[in-house]
Amino acid sequence: MSQEITGYCAEALKSLTPSQVEFLQKLPKAELHAHLNGSIPLHLLQELANEYYQASSNDRTATVLPEVVRSGIQTLQDGIQLSDCHEFFALFPAIYALTSNPPALRRAARAVLEHFLSDSDGHPQAAYLELRSTPRETAAMTRRQYVETVLDEVEQYPPERAALIVSLDRRMDAGAAAECIECAISLRNAGRRIVGVDLCGEIKAGNMADFEQHFRRAKEAGLKVTLHIAEVAESPEDETLLLLSFKPDRLGHATYLNEAAKKIVHTYEIPIELCLSSNLITKTVPTLDAHHIRYYLGHNHPIAICTDDILPFRNSLLGEYALLMAQPPLGLGLTEAEIEKVAKMGMECRFL
Ligand code: 6MZ
């Protein structure tokens with residue numbers, strides 16, 4: 001079942017001719033910034049929610065109140081309206097309640113991989129997917145079981161099509177962060193398909209100095225590092241420079257970099273994962289015209305166009321590329337040659 005697309009992507013897609021859409025569909029595209037629990041197709045979320053409602057009356061171990069889950073899922077079904085980026089993170093406890101045991105997580109991972117990689121509509125959304133997810137410890141699984149469950153699904157696809165990035169949440173304490181890194185390293189050393197680690201989560205949470213040791217350890221062990229960085233105007237400049245000192249291999253968003261940070265990013269040619277709809281819907285960027293993609297395109301800097309969270313944003317990778325192609329104000333009005341170059345840059349930024 002294909003996911004319903006609404007909002008900016010839908011408008012951009014509607015404005016294109018069938019041959020333009022076909023051009024975008026045929027373009028080999030890499031999806032390098034998709035959060036598993038933010039990318040669950042809506043039809044599966046509804047299924048998991050119905051099962052959760054049936055089971056929740058007997059469940060004494062539930063950590064999230066059923067009313068919180070019900071209202072969160074309802075919001076996702078109705079379509080979200082955010083007044084700022086911080087409201088966005090409040091959606092996740094409800095989703096997490098539905099993917100808190102291995103069978104449900106397995107179904108979620110399978111559906112997300114299928115969404116991006118199956119070519120049931122003639123063309124897959126992505127030629128290659130680097131899926132990312134935050135290992136969670138629940139009453140039903142350890143963090144290691146979480147990662148193994150997701151990996152089992154990722155590895156159903158050949159290595160040139162899918163890999164996993166293990167995310168650290170900024171809210172994690174030192175013990176949890178260390179456990180995630182050790183888990184990523186040991187599974188990778190055992191031949192499992194983990195290509196990197198990520199830093200994500202509530203933008204203002206955590207002290208990033210505490211995370212330095214974990215990312216250094218991951219790099220020493222041969223894992224690549226991507227970091228969500230400077231997502232909002234209030235992101236502290238010293239924090240941004242500290243994160244850059246971890247020597248990341250890619251950056252997520254990088255919306256508000258000051259001159260010193262931009263200099264580092266250019267000197268080391270650190271590719272940027274850009275999520276256009278996500279930034280517009282969470283209001284970290286006011287308009288497409290003001291989006292920092294223009295700056296990076298103008299500087300011929302490596303970028304990858306990504307979706308972030310198709311569940312709340314109701315976007316798609318094809319729709320994000322439609323935003324590149326549609327004429328202003330619906331899109332950026334790039335030529336086919338320019339879009340082809342962007343897609344190629346995305347493929348070249350893979351961690352694999
Ligand atoms: C920062 C984000 C995010 O890991 O449980 N996440 N973190 N910025 C964003 N953009 C607006 N979108 C999602 O997927 C869900 C988790 O990804 C992070 C949040 O920590 C969220 O809880 P996983 O699979």
Side-chain angles (χ1 to χ4, degrees), residues 31-41 44-45 48 64 72 76 80 82-101 104-113 115-116 129-138 141 143 146-147 149-151 153-154 164-172 176-177 180 183-184 194 196-206 208 211 226-232 234-235 239 243 250-256 272-285 306-315 320:
E31 171 57 84
L32 304 180
H33 188 129
H35 299 269
L36 193 166
N37 280 280
S39 303
I40 301 172
L44 179 67
L45 187 86
L48 292 171
V64 184
L76 286 160
I80 57 164
L82 301 175
S83 53
D84 65 28
C85 188
H86 304 290
E87 273 183 13
F88 171 75
F89 296 96
L91 297 167
F92 285 96
I95 303 171
Y96 282 177
L98 309 186
T99 57
S100 64
N101 60 63
L105 178 65
R106 186 181 305 282
R107 282 162 68 193
R110 185 173 300 176
V112 175
L113 284 148
H115 165 81
F116 284 106
L129 167 66
E130 253 162 39
L131 184 62
R132 61 183 70 189
S133 197
T134 318
R136 247 178 310 132
E137 183 177 52
T138 69
M141 60 188 161
R143 288 199 172 85
Y146 182 106
V147 180
T149 303
V150 178
L151 276 173
E153 293 304 315
V154 167
L164 182 66
I165 294 174
V166 169
S167 294
L168 302 195
D169 188 314
R170 294 174 62 118
R171 287 161 292 194
M172 274 178 177
C180 289
C183 175
I194 297 177
V197 291
D198 162 48
L199 173 74
C200 69
E202 170 56 63
I203 286 147
K204 285 188 179 162
M208 292 311 101
F211 281 81
T226 176
L227 305 170
H228 283 66
I229 195 166
E231 272 188 84
V232 292
E234 316 89 271
S235 298
E239 181 187 281
L243 290 174
R250 286 200 313 248
L251 295 170
H253 302 293
T255 313
Y256 293 95
I272 318 279
E273 303 150 1
L274 292 174
C275 311
L276 303 173
S277 298
S278 162
N279 298 153
L280 293 171
I281 295 169
T282 58
K283 299 195 166 66
T284 60
V285 170
C306 307
T307 54
D308 211 3
D309 300 277
I310 61 161
L311 168 57
F313 301 142
R314 305 277 180 97
N315 56 342
E320 295 297 316

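This chain uses plain numbering: 1 for the first residue, then up along the sequence. Both ligands and their constituent atoms are indexed starting at 1 by order of listing. All values below were derived from every heavy atom in this structure, side-chain atoms included, with hydrogens, water molecules and symmetry-related copies excluded.
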| query | Atom CG in Leu276, atom CZ in Phe313: separation rounded to 0.5 Å? | reply | 12.0 Å
| field | By side-chain contact (heavy atoms from CB on, under 4.5 Å) - contacts of Lys283 (at least two apart) | value | none
| query | Partners of Glu239 by side-chain contact (heavy atoms from CB on, under 4.5 Å), sequence neighbours excluded? | reply | Arg170, Met208, Pro236, Leu243
| In terms of the angle between their ring planes, are His33 and His253 parallel, tilted or perpendicular, with boundaries placed at 30° and 60°? | perpendicular
| message | Testing Asp308, Asp198, Thr134 one by one against His35 for a side chain to side chain donor-acceptor pair (under 3.5 Å), which residue passes? | response | Asp308
Please tabulate, one line per pair, the protein nitrogen or oxygen atoms found under 3.5 angstrom from a nitrogen or oxygen of ligand 1, with distances to 0.1 Å, or say none if there are no such pairs.
| residue | atom | partner | partner atom | Å |
| --- | --- | --- | --- | --- |
| ligand 1 | 4 (O) | Thr134 | N | 2.9 |
| ligand 1 | 4 (O) | Thr134 | OG1 | 2.5 |
| ligand 1 | 5 (O) | Asn37 | ND2 | 3.1 |
| ligand 1 | 5 (O) | Tyr96 | OH | 2.5 |
| ligand 1 | 7 (N) | Gly201 | N | 2.9 |
| ligand 1 | 8 (N) | Glu231 | OE1 | 3.1 |
| ligand 1 | 8 (N) | Glu231 | OE2 | 3.1 |
| ligand 1 | 10 (N) | Glu231 | OE1 | 3.4 |
| ligand 1 | 10 (N) | Asp308 | OD2 | 3.0 |
| ligand 1 | 12 (N) | Asp309 | OD2 | 2.8 |
| ligand 1 | 17 (O) | His35 | ND1 | 3.0 |
| ligand 1 | 22 (O) | Tyr96 | OH | 2.8 |
| ligand 1 | 24 (O) | Leu36 | N | 3.4 |
| ligand 1 | 24 (O) | Asn37 | N | 2.9 |
| ligand 1 | 24 (O) | Asn37 | ND2 | 3.0 |
| ligand 1 | 24 (O) | Ser133 | OG | 2.7 |

| Partner residues of Arg171 under the salt bridge (charged side-chain N to carboxylate O under 4.0 Å, His left out) criterion, sequence neighbours left out | Asp169
